[in-house]
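Chain letters run A, B, ... following the sequence lines, proteins first and then strands; every chain starts at 1. Basis for what follows: all heavy atoms, side chains included, without hydrogens, waters or symmetry-related copies.
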There are 2 protein chains.
Amino acid sequence: MKRNSRLSLALHTLSHMAGEPDRMRTSSDIAEHARTNPVVVRRVLGKLREAGLLTSEKGHSGGWQLAKPASNITLADIYLALDERLVSAGNKDAEPSHCTVESGLQTRVGEVLDEIENSLVARLSETTIADVHPASCSYCGSK
Amino acid sequence: MKRNSRLSLALHTLSHMAGEPDRMRTSSDIAEHARTNPVVVRRVLGKLREAGLLTSEKGHSGGWQLAKPASNITLADIYLALDERLVSAGNKDAEPSHCTVESGLQTRVGEVLDEIENSLVARLSETTIADVHPASCSYCGSK
DNA sequence: CAGTCACGCAACTTATTCAGTTACTAGAAA
DNA sequence: TTTCTAGTAACTGAATAAGTTGCGTGACTG
């Protein structure tokens, strides 16, 4: 795959699920649709389950389902569940610099990036899975 | 270094320059402050020069300078100059899917990610280098 | 003019990340 | 008991990007 594939895969899968919330999907089904591998799917969806967005069941007729209505799942939920930090890179080691100006500036740059990161999450929280795949979707026979 | 290092390096360097706009800085100076390599610095700053944010001069007393006032350089300018696409991953190959629902959904997911990307750039355009390193910076003797 | 300094650039090396893959275990239903 | 599915660990391979080396080019200096 390519960059941002986790977020893209999650978004894709959950949007699919939003179309038929009652259907149980196996990781193989999902992987086939997303053109990837069942293990990769389980890895990504596992994070979403930990965050309470999905449920999974083992055994016959097992698989994955949304844990709550699509309109209650925002892109921020997904983003945070995946531990993505696209902008601020999670305030690294930050070994203190020799120079005071340097140190102060490093801190300031980190602050600014954090602010941007927060803005991004705020923006993501304004869109739900239901917005990505509206009930009026012309491709789905609404069942 | 680590992830997002280009954006971080650029931000750091330009903020530094904002403190003393008239000073000519060599890539070695900058690399030392940023704890990295002169060639890496030139690679990143070269992109910013292409975008008209910086100027560079060869030879004795050569180096790098801001091409315009710090308050006229936004984070979006930097972000775009670096060709970063943190969110939308730049609408890849997109081989058409067999399935109509699939294809429509892929398109839709791409649209959503593009919208988020645009929001991010809009947010970045609200902050300038001067905001990152204000003239009132307590660390710098304002000269 | 010769020497030095700095950018420009290409090529290579190294480290990291992550998707992909294989193989196995555990649990639930038929 | 068989089968189907998730869960997980371990490994592989590709891609990305930083780091490094070396050399060319242009500009200032003495």
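When the shell of 6.0 Å around CD of B/E117 is examined, it contains more than 12 heavy atoms from other residues, nucleotides or ligands. Atom CD of B/Q65 sits in a crowded spot, with more than 12 heavy atoms from other residues, nucleotides or ligands closer than 6.0 Å.
Nearest nucleotide to the side chain of A/T36, out of C/dG20, D/dG19, C/dA19: C/dG20. Nearest to the side chain of A/T26, among C/dC7, D/dT5, C/dA19, sits D/dT5.
B/R49 places its CZ atom 11 Å from the C1' atom of C/dC9, with the value rounded to the nearest Å. A straight line from CG of B/L45 to P of C/dA6 spans 15 Å, rounded to a whole angstrom. Separating the CG atom of A/D83 from the P atom of C/dC18 is a distance of 11 Å, rounded to the nearest angstrom. Summarising the geometry, the separation between CG on A/N4 and P on C/dA19 is reported as 10 Å, rounded to the nearest angstrom. What separates CG of A/L54 from C1' of D/dA6 is a distance of 13 Å, to the nearest Å. Following rounding to the nearest Å, B/R85 (CZ) and D/dT16 (P) show an atom-to-atom distance of 15 Å. When rounded to the nearest whole Å, the span between CG of B/N37 and C1' of C/dA6 equals 14 Å. Atom CZ of B/R42 and atom P of C/dA6 are 10 Å apart (whole Å).
Applying the 4.0 Å criterion to OP1 and OP2 of C/dA19, one finds that A/S5 has a side-chain N or O inside that range. Residue B/S28 has no polar side-chain atom (N or O) positioned under 4.0 Å from OP1 or OP2 of C/dA6.
No side-chain heavy atom of B/H133 sits less than 4.5 Å from a side-chain heavy atom of B/H16. Between A/E126 and A/T74, every side-chain heavy-atom pair lies at or beyond the 4.5 Å cut-off.
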Show me the protein contacts with nucleotides 26-30 of chain D, counting only N or O atoms at under 3.5 Å.
unit_1 : atom_1 : unit_2 : atom_2 : d
D/dG26 : N2     : B/G59  : N      : 3.0

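Toward the 5' end of DNA chain C, the nearer of the two residues A/V44 and B/I30, judged by each one's closest nucleotide, is B/I30. Projected onto DNA chain D by closest heavy-atom contact, B/V39 and A/G62 fall at different nucleotides, the more 5' of which corresponds to A/G62.
The line from CG of A/D83 to CD of A/E50 is 9.0 Å long, rounded to the nearest 0.5 Å.
The base of C/dG20 is paired with the side chain of A/R43 by a donor and an acceptor separated by under 3.5 Å.
Of all the heavy atoms in B/A67 and B/T55, the pair that sits closest is CB-CG2, 3.9 Å.
The pair A/R108-A/E111 counts as a salt bridge, with a side-chain nitrogen and a carboxylate oxygen less than 4.0 angstrom apart.
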